[in-house]
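Following: one structure in structure tokens, then a few remarks.
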Amino acid sequence: MQESPGSIGVDGGYASNVPAFLTKLWTLVEDPDTNHLICWSATGTSFHVFDQGRFAKEVLPKYFKHNNMASFVRQLNMYGFRKVVNIEQSGLVKPERDDTEFQHLYFLQGHEHLLEHIKRKVSIVKSEETKVRQEDLSKLLYEVQVLRSQQENMECQMQDMKQQNEVLWREVVSLRQNHTQQQKVMNKLIQFLFSQMQSNTTSTVGMKRKL
């Protein structure tokens with residue numbers, strides 16, 4: 001088959017923009033020696049895989065580092081290929097042979113240059129997980145800000161209480177000093193009254209003796 005301009009071909013001249021899996025897949029479908037197990041459809045818009053057991057055992061190891069059909073199909077799905085379901089494969093009619101057909105909008109016979117438009121799909125699960133993580137992070141940052149605000153309020157309240165306690169303590173000290181001073185005055189008054197009473201008693205006894 002004559003290649004279109006700008007095609008990758010078997011020598012990989014276009015490989016810099018095309019993933020290795022797609023390059024190998026194209027070469028695999030194009031290889032006439034494997035047409036009995038994998039080949040283009042009649043319209044050239046899809047390709048067929050016949051006898052998956054033999055295909056996995058005989059063909060896959062020549063192009064990939066495994067012989068796992070499930071892994072091969074998983075790779076196809078990751079690049080957006082979908083399985084074509086016809087009337088026979090839908091279960092209405094029992095298929096005469098093991099035939100699985102795959103197609104992609106940009107995987108067309110004679111249009112190798114379109115391969116560079118086939119992109120690996122981003123996992124929806126990972127996107128959702130990233131979204132959840134971002135939401136959790138935003139929530140966590142908000143909670144940290146709330147806690148920091150509460151901590152600042154508590155520090156302000158503690159500072160106010162400390163200042164109030166200092167005022168109260170100064171008042172207590174002042175009251176203690178006043179109490180001590182009053183106690184001294186009271187003691188002096190008591191001593192004075194006691195001395196007066198003693199002097200009055202002594203004078204009365206002296207007068208009685210004289211009489």
Side-chain angles (χ1 to χ4, degrees), residues 6 8 12-29 45-47 49 52 56 60-61 63-86 89-91 100-108 111-186:
I8 61 170
Y14 225 7
S16 59
N17 296 327
V18 180
F21 173 78
L22 297 177
T23 303
K24 293 178 181 180
L25 177 63
W26 181 271
T27 304
L28 180 59
V29 178
T45 58
S46 61
F47 66 91
V49 175
Q52 296 186 21
L60 283 182
Y63 294 86
F64 304 97
K65 297 180 180 180
H66 64 83
N67 59 353
N68 191 324
M69 185 64 190
S71 178
F72 176 71
V73 173
R74 187 163 52 250
Q75 284 286 92
L76 289 174
N77 292 333
M78 290 176 63
Y79 283 96
F81 286 83
R82 65 182 185 85
K83 186 181 295 186
V84 179
V85 179
N86 52 41
Q89 293 174 329
S90 66
T100 307
E101 185 179 0
F102 298 95
Q103 70 176 13
H104 191 286
L105 180 64
Y106 296 117
F107 196 82
L108 304 174
H111 297 280
E112 300 94 325
H113 60 284
L114 295 178
L115 290 180
E116 63 182 3
H117 298 295
I118 301 177
K119 305 298 180 182
R120 186 168 178 170
K121 293 191 297 185
V122 178
S123 174
I124 299 178
V125 175
K126 290 184 178 180
S127 299
E128 291 296 327
E129 288 179 353
T130 303
K131 183 179 179 181
V132 170
R133 289 175 184 174
Q134 289 178 347
E135 290 177 353
D136 290 342
L137 180 60
S138 300
K139 184 179 179 181
L140 182 60
L141 289 175
Y142 173 76
E143 291 177 352
V144 169
Q145 291 176 352
V146 171
L147 289 174
R148 181 176 295 176
S149 178
Q150 291 177 351
Q151 185 178 13
E152 291 176 354
N153 291 334
M154 290 178 64
E155 289 178 355
C156 292
Q157 292 178 359
M158 290 177 64
Q159 189 67 25
D160 292 339
M161 292 177 65
K162 183 179 179 181
Q163 292 177 353
Q164 293 175 4
N165 287 336
E166 289 178 353
V167 173
L168 291 173
W169 179 252
R170 285 197 294 268
E171 291 180 355
V172 169
V173 172
S174 178
L175 289 173
R176 284 182 177 177
Q177 291 176 349
N178 292 336
H179 175 73
T180 303
Q181 197 70 23
Q182 290 175 358
Q183 190 68 32
K184 290 179 181 180
V185 172
M186 290 293 294

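Note that the numbering runs from 1 along the sequence shown for the chain.
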Inter-residue atom distance L22.CG - R120.CZ, 0.5 Å rounding: 10.5 Å
Validation row: K121, M78 side chains within 4.5 angstrom (heavy atoms): no
Closest non-hydrogen atom pair, T45 against L108: CA-CD2, 3.8 Å
Closest contact, heavy atoms only, Y79 versus I118: O-CG2, 3.4 Å
Gap separating the NE2 atom of H111 from the OH atom of Y106, nearest 0.5 angstrom: 13.0 Å
For the student: nearest non-hydrogen atoms of V84 and F102, plus distance: CG2-C, 4.4 Å
Reported CG-to-CZ distance for the pair L175 and R170, which is rounded to 0.5 angstrom: 13.0 Å
Minimum heavy-atom distance between S46 and E101, given as atom pair plus value: OG-OE2, 2.5 Å
All side chain to side chain donor-acceptor pair (under 3.5 Å) counterparts of S71, not counting sequence neighbours: none
Nearest non-hydrogen partners of P61 and N67, listed with the distance: CG-CB, 3.7 Å
Atom pair CG/CZ of N77 and R82 - distance to nearest 0.5 Å: 11.5 Å
Short side-chain to backbone donor-acceptor contact, S149 and Q145, under 3.5 Å: no
Flag side-chain contact, heavy atom, 4.5 Å: F72 against N68: no
Heavy-atom pair of closest approach, residues L76 and F21: CD2-CZ, 3.8 Å
From CD (Q182) to CD (Q177), nearest 0.5 Å: 12.0 Å
Side-chain heavy-atom pair Q163, V167 within 4.5 angstrom cut-off: no
Side-chain heavy-atom pair Q52, V73 within 4.5 angstrom cut-off: no
Spacing of R148 atom CZ and L141 atom CG [to the nearest 0.5 Å]: 10.0 Å
Residues which pass ring pair (Phe, Tyr, Trp, His ring centres under 6.0 Å) with F81, listed by chain and number, not counting sequence neighbours: H104, F107
